[in-house]
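Reading through the structure tokens given below for one structure.
Since this is a predicted model, take the numbers as computed values, not measurements. So you know, we letter chains A, B, ... as the sequences are listed, proteins then strands, and number each from 1. Any value given below was found using the heavy atoms of this structure, including those in side chains, with hydrogens, waters and symmetry copies removed.
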Protein chains: 2
Amino acid sequence: MTIDGRIARGDRTRAAVLDRAVARATEDGLDGLSLGQLATDLGVSKSGLFAHWRSKEDLQLATVERAQEQFLEQVVRPALTAPRGVRRLWALHDRRIAFYETDLLPGGCFFAKVQFEFSVRPGVVRDRLATTFTLWSDFVDNLARLAVHEGDLRADTDTRQLAYELESFALTAVMQSRLLSPEIAYRYARRAARDRLRTLATDPDLLPEDSA
Amino acid sequence: MTIDGRIARGDRTRAAVLDRAVARATEDGLDGLSLGQLATDLGVSKSGLFAHWRSKEDLQLATVERAQEQFLEQVVRPALTAPRGVRRLWALHDRRIAFYETDLLPGGCFFAKVQFEFSVRPGVVRDRLATTFTLWSDFVDNLARLAVHEGDLRADTDTRQLAYELESFALTAVMQSRLLSPEIAYRYARRAARDRLRTLATDPDLLPEDSA
DNA sequence: AATATTTACGATCGGTCGGTCGGTTTATTC
DNA sequence: GAATAAACCGACCGACCGATCGTAAATATT
């Protein structure tokens, strides 16, 4: 046990490992993740990892959970401070598609990468990813419902459908930005979301102009 | 050399290997693709593969090309027989999102899987994938331009943007169908595309009703 | 200071990977 | 039927993988 208020050594190690694991898995995937490389990166021994996690799959699961935490901290929570209504919805989408290409996480989108990696392989990791996806989708859905309630979106808006479409634009932007050009991909993703939100908005002028 | 009209032995082997490679890579990725497993599946020797391709990367490239051929043969070409105008555009999208979940290619979408796998890794394979993507995107763009010319879509339609959005819906459907539920994912993808096409169509009734 | 416990390490295991090599089989040509 | 060349195979290599184990160092408790 440890003294209250003081962080245990093991906890610090675990945190460092998982942060690094998220970064590496974003590039190489959760399967391509090499425990030896991961340990070398951090200057620790590979065998030490097995003291914290029983198997590679356990570490993969923990990595997914850590990535989810990062996402909630750095994307979801800041978006809650945005104005309100459809503007908040827009801010959330905009922050999301920009999130994975800037200084925050320059390696790309962890979830886009990993979701496709495990989409065809049943197991605990895939189940965990599905949970993450549902959680995010529900969050967007709730924000959209709120926007409807606040009068920014039309009353007959299918908020679940809207959440799906915003997800689609973000997902494609992440892929295209690497495969082709980030500028083009972002312009498409932003415009698509803005146009969609405008068609559902009670007042189209609530959304910013096309600043491409 | 071989007698005319008769297929060389090596050609048949190459074709069989690549077809199998596309299937396996769709599940495990192009990196996760094991040459030993691939050879065992086909009842050939692993070393024999190196007689046809110099390295694994060479085989990966050939696999991408084969997948593109399959896509052109089974998705693009049949769609050209569809009526015309916006209906043809719709038929193409519909066929595409259904393509990867039916008996045609039950393993999922090869390109969705592989594009994310190589989106962060520069190299010849990624360049080849970008080519494939551009080719597909241009094709949809051209069909959309044609639909404009035929009077089905509004004259001010941004066909390139439309191609991007249709791509987004298909991409997300492929991922969601595995991660969550195929039925739901397809309903979303179909509805999103239909709604989008309706907003751009000169006559919304050209598109079928929501048959969900 | 002595003890107990967590944490980390080096060495090593069995297994799989991509790739090589020498030799054998198969099909075609003369 | 001999000669030729493409196609193919089994055995093997070094490198790397995830995982195990006994032990040493660091920390906490007494």
Verdict with supporting geometry, A/Leu35 and A/Phe50, side-chain contact (heavy atoms from CB on, under 4.5 Å): CA-CA 10 Å; A/Leu35 302 187; A/Phe50 288 88; 3.7 Å; yes

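Residue contacts shown for B/Leu49 are absent, as no nucleic acid heavy atom lies under 4.0 Å away. Across all strands shown, B/Gly43 has heavy atoms under 4.0 Å from sugar-phosphate atoms exclusively, and none from any base.
For the pair A/Arg191 and B/Glu165, the salt-bridge criterion is not met [side-chain N within less than 4.0 Å of a carboxylate O]. Looking at A/Arg87 and A/Asp152, no side-chain N of the basic residue comes within less than 4.0 Å of a carboxylate O on the acidic one, giving no salt bridge. With respect to A/Arg14 and A/Asp11, a salt bridge is recorded, a charged nitrogen being found less than 4.0 Å from a carboxylate O.
For the pair A/Asp28 CG and D/dC16 C1', the computed distance is 14 Å after rounding to whole Å. Between the P atom of D/dC8 and the CZ atom of B/Arg14 lies a distance of 8 Å, rounded to the nearest Å. When rounded to the nearest whole Å, the span between CZ of A/Phe50 and C1' of D/dG18 equals 5 Å. Distance, B/Leu38 CG to C/dG19 C1': 15 Å, rounded to whole Å. Rounded to whole Å, the distance from CG on A/Leu35 to P on D/dG18 is 4 Å. Between the NZ atom of A/Lys46 and the C1' atom of C/dT7 there is a distance of 18 Å, given to the nearest Å. For B/Leu33 and C/dT16, the CG to P distance is 17 Å, given to the nearest whole Å.
For A/Thr13, no side-chain nitrogen or oxygen approaches OP1 or OP2 of C/dT7 to under 4.0 Å. For B/Ser34 and C/dC17, the shortest distance from a side-chain N or O to OP1 or OP2 is below 4.0 Å.
In this structure, of D/dC17, D/dT20, C/dC17, it is C/dC17 that holds the atom nearest to the side chain of B/Gln37.
Aromatic ring centres of B/Phe111 and B/Trp136 lie farther apart than the 6.0 Å criterion allows. Aromatic rings from A/Phe169 and A/Tyr164 are positioned such that their centres are separated by 6.0 Å or more.
Along DNA chain D, the nucleotide closest to A/Gly36 and the one closest to A/Gly48 are compared, and the more 5′ of them pairs with A/Gly36.
The two residues A/Arg96 and A/Ala170 have their closest heavy-atom pair at NH1-CB, 3.4 Å.
Of the residues in residues 52-60 of chain B, B/Ser55, B/Lys56 come within less than 4.0 Å of DNA chain C through at least one heavy atom, sorted by number.
With hydrogens and angles ignored, a donor-acceptor pair under 3.5 angstrom links the side chain of B/Ser47 to the base of D/dG10.
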